[in-house]
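Sequence lines set the chain letters: A, B, ... in the order given, protein chains first and strands last, and positions in each chain run from 1.
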Amino acid sequence: MNKNIFIGGAWPYANNSLHVGHLAALLPGDVIARYYREHGDNVIYVSGTDSHGTPITVRAKKEGISPEKIAQHYHEEFVKNFKDLDFSFDLYTSTMTQYHEQNVKKYLKKIMDNGFIYKKAEMQDYCPECKTFLSDREIIGVCPHCGGVAKGDQCDDCSATLNASEVLNKRCSICHSPTIQKSNTHLYFALSKFQNKVKELNEQRQGQWRINATSETNKFLDMGLIDRAVTRQLSWGVDVPFEGFEDKKIYVWIEAVLGYLTAGQQVAESRNINFEEFMKKGNVISYYAHGKDNIPFHTVIFPALLMSIDENINLPDYIISCEYVNMNNEKMSKSKGNLISINHLIALFPKDSIRYYMLANGPETKDINFSIDDFVQIHNKFMVGVLGNFVNRNLSYINKKFDGKIPNGKVDENIKNLTTETFDKVGSLIEQGKLRQALDTAMAYVSAGNKYYDDQKPWIQVVEDINGFNNTTYTCVYMMANIANLFGPFIPDTCLKIKEKLNLDKTFTWQPVEIGKNLTVANNNLLFERLQAQQVSEKYQELKKN
RNA sequence: CGCGGGGUGGAGCAGCACGGCAGCUCGCAGGGCUCAUAACCCUGAGGUCAUUGGUUCAAAUCCAAUCCCCGCAACCA
């Protein structure tokens, strides 16, 4: 029976280049998607660029260009990054598309019809000169604590977190005229009504949501869920589909997260399947991959929105929420200059080394420290020494002594059993979202191959026991064929190369495969080159300058 | 007493929800092998598992307190 699998990767915000942290968060989604496809299941795997919101408009104003241009620029960069790293999205879209905007409006109307959105008038800061309501960040004034210059949300001088209402002598940051208080009507989402249902969900998903997701959700529940504004005084975003809100846009938190549905639906339409049916409770297993800063949006807000749209729709089954990638024990940030972008990574390492490193050493349960040296070490040890070497030491011998003709033989029974075992174990770990352990287990299979080779001593067998030699070699090639499937979800490019070397079927299958007789080696190009830490480090310093 | 995460051999980490000889990679010392990209295989040295106290036949693992590091405090996507 084929299963329906829905996988959502968090939508990166189009205000900066992607960095290693994004990669750590999103890569697990791709592995899970590839795994289920190998398995023969129906997978919908989506993500996209989050293109709206205040920071982009602020930046656009500063740089004197349109927000759309900024969003478009980063969107194109993201698309390229994901392509370079072999992400297998069924659809990677953007919140700027017409399809997304139209469908978000449709969902919003539905939530309204179901009675979970209401109007509320509030006093808000207004600039009579610019004739517009101001968001907190667009207000400047005097800090009540230190008397310094403060924005509406934070003091620049003493960096205290502020509430717009406590700031003194408030003025508009654009024209500097004093603000006045004026009543403004916003729409609110009745998040508080979902307190019990979210709590129930959190309890049901114990063991499927990562620990950090469960505890973060508890934190929010303990504080009590409060209603959130749906509309925002902005010019850049999705229009509000109700009368009287023409000057406002839909707040990004609600609009971006609904992208999972709009993108999923778009994929379903292209396949002529009914998305509503696909996503129904009991019909699908869903995974969401993102960083820990995104947890409440995926475990509280998104489920509440789903319930407010349709009570039969599947709620997140697995929350794959990662911790942070730090540099020297500090959070990466642009201002600290310790941010390593995906563009840099791609320039420094082969894509599958990047995938391997981020998965095998990813911040699955706690923050990790990223370092170039560490990366080089892992690459040399596992990509070159274990995996590359196992393939190379066999095939180069066959090329040298047998003109590329792989001897026929019998596969070792122990290895056969190990193969079956490994597929089962790795598969189950991937399904649980435990990618580190899964990859460890898969790599142990290759190590077992190296050990088997050493124990058999084929370089001696070849003169003393040709039958034994044939069996050893044949068994190793059998292992390679299975490695090419076993690692398919993790490092697909390398797996394809292995398949090409041995003229194997290019389709990926999640089960032990037998190999045919009279195989030949098509090529024995090295899978990975050894790297020098110093050279990589120097190259990285160069890149940082540009 | 705002909240959360973490402190395990020289470095980076796993183990901790279901207590039972402290494990992995790198590095270091020694050996094997020569098919392989100084790659591969084996052995060894090195830790009172932050500190203190408690529960227990038994604690890195459970409980309490203390110290140190990091992150977050919701109109920041």
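Rounding to the nearest 0.5 Å gives a distance of 10.0 Å between CZ of A/Arg355 and CG of A/Leu435. Atom OH of A/Tyr453 is separated from atom OG1 of A/Thr475 by 12.0 Å, given to the nearest 0.5 angstrom. Atom NZ of A/Lys351 is separated from atom CG of A/Asp493 by 4.0 Å, given to the nearest 0.5 angstrom.
Between B/G2 and B/A65, the two P atoms lie 14 Å apart (nearest whole Å). Nucleotides B/G44 and B/U34, compared at atom P, are 23 Å apart to the nearest Å. Here the separation of B/U8 from B/C13, taken at their C1' atoms, is 9 Å to the nearest Å. The separation of B/C28 from B/C72, taken at their C1' atoms, amounts to 41 Å, rounded to a whole angstrom. The separation of B/G15 from B/C69, taken at their P atoms, amounts to 25 Å, rounded to a whole angstrom. Of the C1' atoms belonging to B/U52 and B/A60, the separation is 16 Å, rounded to the nearest Å. Rounded to a whole angstrom, the distance from the C1' atom of B/A45 to that of B/G7 is 25 Å. One P atom belongs to B/C26, the other to B/U43, and the distance between them is 14 Å to the nearest Å.
In this structure, B/A29 forms a base pair with B/U43, meeting either the Watson-Crick or the G-U wobble geometry with both donor-acceptor distances under 3.5 Å. In this structure, B/G2 forms a base pair with B/C72, meeting either the Watson-Crick or the G-U wobble geometry with both donor-acceptor distances under 3.5 Å. Judged by Watson-Crick or G-U wobble contacts below 3.5 Å, the nucleotide B/U66 has B/A50 as its partner. B/U56 makes up no base pair with any nucleotide shown, lacking Watson-Crick or G-U wobble contacts both under 3.5 Å.
With centres under 5.5 Å and a plane angle under 30°, the ring of A/Trp459 is stacked against the base of B/C35.
Minimum atom distance to the side chain of A/Arg436 is reached by B/C13, of the listed B/G12, B/C40, B/C13. The side chain of A/Arg530 sits closest to B/U37 out of B/U25, B/A14, B/U37.
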Is there a salt bridge (Lys or Arg N to Asp or Glu O under 4.0 Å) between A/Lys451 and A/Asp455? Walk through the geometry before answering. CA-CA 6 Å; A/Lys451 177 136 173 54; A/Asp455 289 347; 3.4 Å; yes

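A residue-by-residue look at A/Asn380 and A/Gln377 shows that A/Gln377 has its nearest nucleotide of RNA chain B further toward the 5' end. Mapping A/Ala14 and A/Asn392 onto RNA chain B by nearest heavy atom places A/Asn392 at the nucleotide closer to the 5' end.
Residue contacts shown for A/Asn389 include a base, since a base heavy atom lies under 4.0 Å away. Nucleic acid contact for A/Asn294: base, since at least one base atom lies under 4.0 Å from a heavy atom of the residue. Residue contacts shown for A/Ser396 are limited to sugar-phosphate atoms, with no base heavy atom under 4.0 Å away. Residue contacts shown for A/Val384 include a base, since a base heavy atom lies under 4.0 Å away. Note on A/Lys400: only backbone sugar-phosphate atoms sit closer than 4.0 angstrom, heavy atoms only; bases stay farther off. Residue contacts shown for A/Tyr324 are limited to sugar-phosphate atoms, with no base heavy atom under 4.0 Å away.
Taking a cutoff of 4.0 Å between a charged side-chain nitrogen and a carboxylate oxygen, A/Arg393 and A/Asp454 qualify as a salt bridge.
In this structure, CD of A/Gln532 is placed 13 Å from C1' of B/A39, rounded to the nearest angstrom. Rounded to a whole Å, the CG atom of A/Asn525 is 17 Å from the P atom of B/A36. Rounded to an integer number of Å, the gap from CG of A/Asn399 to P of B/C35 is 15 Å. Computed from coordinates, the A/Asp227 CG to B/A74 C1' distance equals 14 Å when rounded to whole Å. Taking atom CZ on A/Phe302 and atom C1' on B/A74, their separation rounds to 19 Å, with Å as the unit. In this structure, CZ of A/Phe390 is placed 14 Å from P of B/C40, rounded to the nearest angstrom.
Contact annotation: A/Lys457 side-chain N/O to B/U34 OP1/OP2 distance is not under 4.0 Å. Residue A/Arg393 places none of its side-chain N or O atoms closer than 4.0 Å to OP1 or OP2 of B/U37. Proximity of A/Lys451 to the phosphate of B/C41: no side-chain N or O atom is located under 4.0 Å from OP1 or OP2.
Annotated as syn: B/A17, whose O4'-C1'-N torsion sits within 90° of 0.
A distance-only check finds a donor-acceptor pair linking the side chain of A/Ser47 to the backbone of A/Gly9 [under 3.5 Å].
Two residues are said to be in side-chain contact when any heavy atoms from C-beta on lie closer than 4.5 Å; A/Trp236 and A/Glu68 meet this criterion.
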